[in-house]
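What follows is a single structure, written as structure tokens, with notes after it.
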Amino acid sequence: MADCIAFYEVNQATFQAAATKKIEEHCIGDGQNFHLNSRQIRRRLAMTGLAEILHDQTLDGQLGA
């Protein structure tokens with residue numbers, strides 16, 4: 001759990017950008033819930049060049065399973 005929280009904290013802007021994109025694309029209104037999937041987050045990470053780093057860390061076991 002701590003790894004997940006730390007990852008979010010480091011990549012908070014990426015998560016927020018992915019959420020903003022989904023809200024705009026799907027016309028999600030104020031107060032409505034929605035789900036970000038790993039594909040949406042990974043796309044945003046790729047845009048910032050972090051997807052490769054994430055992949056490498058996962059392979060090295062640094063982020064756990």
Side-chain angles (χ1 to χ4, degrees):
M1 187 166 127
D3 289 341
C4 293
I5 292 169
F7 183 79
Y8 174 79
E9 289 173 349
V10 169
N11 296 289
Q12 185 175 359
T14 298
F15 279 83
Q16 289 178 346
T20 298
K21 183 172 174 65
K22 184 159 189 170
I23 289 167
E24 291 171 355
E25 287 180 348
H26 296 279
C27 301
I28 298 170
D30 289 343
Q32 289 184 306
N33 294 326
F34 63 93
H35 174 77
L36 287 177
N37 62 43
S38 60
R39 193 174 322 131
Q40 293 160 329
I41 296 165
R42 192 164 188 88
R43 278 188 202 130
R44 286 315 225 182
L45 287 170
M47 294 177 88
T48 60
L50 295 176
E52 186 174 324
I53 294 168
L54 173 62
H55 177 65
D56 291 344
Q57 287 178 341
T58 302
L59 289 177
D60 291 341
Q62 293 177 19
L63 293 179

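Quantities reported herein were computed from a predicted structural model and do not represent experimental measurements.
Remark: Y8 OH to I41 CD1 distance equals 10.0 Å, nearest 0.5 Å. Atom CD1 of I23 and atom CD of Q32 lie 9.5 Å apart (nearest 0.5 Å). In this structure, CG on L36 lies 8.0 Å from CZ on F15, to the nearest 0.5 angstrom. Here the straight-line distance linking atom CG of N11 with atom CZ of R44 works out to 13.0 Å at 0.5 Å rounding.
The shortest heavy-atom contact between Q40 and A18 is O-CB, 4.1 Å.
Among residues two or more places apart in sequence or in another chain, the side chain to side chain contact (heavy atoms under 4.5 Å, CB included) test is passed with H26 by K22, I28.
Residues N37 and H35 meet the side-chain proximity criterion, which asks for heavy atoms closer than 4.5 Å.
Annotation: salt bridge (Lys or Arg N to Asp or Glu O under 4.0 Å) contacts involving residues 9-21, sequence neighbours excluded, comprise K21-E25.
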